[in-house]
Amino acid sequence: MSYWLFKSEPSSYSWDDLIFDKIAEWDGVRNYKARNFLRDEIQVGDQILFYHSNSKPSCIVGIAEVVRSGYPDFTALDKTSNHFDSKSLPDNPIWFMVDIKPIEKLLHEISLKDIKNTSELKDMGLLKYARLSITPVSHNEFFIIRKMGGLE
DNA sequence: GCCAACGTTGGC
DNA sequence: GCCAACGTTGGC
């Protein structure tokens, strides 16, 4: 099993939206590195740190899980979507997405500042590739954050 | 709202 | 294939 951090701006899609929807289609990712994770690496059962970016403060708020592995992002084919991409074709899609569901909310949120202040977390992808919306998380990092968040 | 970091585009 | 211009992300 692998671990990941997914960023979302709460003004566009928040943890509470995920709770309400029960399952989220993680569409709209338009970065090749993140696309490769979605298409090739992220598997059903992988655990996700759900991160609110551009927030006050930006923080990890909960744990989610992958329920469907990579499949073509249909919003890239939809002319009416803001995520439409004319270069992506039905028989040769460029962009991929997964589905996720919420598992547990952290008892306390872990802010970016908390992460920066924790030496064991200094190599997190979140810090190293600050603008990537999907980053890998190590087993160790995942369990440190669970614990900091007040989960078993 | 500013701006640094960095990915993408397109002219050459 | 280089690189300047431009657009986007996201912390602050």
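To find a chain, count down the sequence lines: A is the first, B the second, and so on, and within it residues start at 1.
No engagement by A/K56 is indicated, since no non-hydrogen atom pair under 4.0 Å with the nucleic acid exists. The residue A/K7 sits close only to the backbone: its heavy atoms come under 4.0 Å of sugar-phosphate atoms, none of a base.
Atom CG of A/N31 is separated from atom P of C/dT8 by 14 Å (rounded to the nearest Å). Taking atom CG on A/N82 and atom P on C/dG7, their separation rounds to 18 Å, with Å as the unit. The interatomic distance linking A/Y32 (OH) with B/dT8 (C1') rounds to 9 Å, in whole Å. As a whole-Å value, the separation of A/N36 CG from B/dG7 P is 13 Å. One atom, CG of A/N54, and another, C1' of B/dG1, lie 12 Å apart when rounded to the nearest Å. Following rounding to the nearest Å, A/L132 (CG) and C/dT9 (C1') show an atom-to-atom distance of 11 Å. With rounding to whole Å, A/K33 atom NZ is found 10 Å from B/dG7 atom C1'. Atom-to-atom, CZ of A/R30 to C1' of C/dG10 comes out at 19 Å; the value is rounded to the nearest Å.
Two rings, from A/Y32 and A/W95, have their centers less than 6.0 Å apart.
Around OH of A/Y129, the count of heavy atoms belonging to other residues, nucleotides or ligands within 6.0 Å does not exceed 12.
Of the candidate nucleotides C/dG10, B/dC6, C/dC12, B/dC6 has the atom nearest to the side chain of A/R131.
Using modelled atom types, no side-chain atom of A/D21 and backbone atom of A/A24 make a donor-acceptor pair closer than 3.5 Å.
In summary, A/D73 and A/R35 do not engage in a salt bridge, as defined by a charged side-chain N under 4.0 Å from a carboxylate O.
Regarding contacts with the backbone of C/dG11, a side-chain N or O of A/Y51 is found under 4.0 angstrom from either OP1 or OP2. Within the 4.0 Å cut-off from OP1 or OP2 of B/dC6, not a single side-chain nitrogen or oxygen of A/K128 is found.
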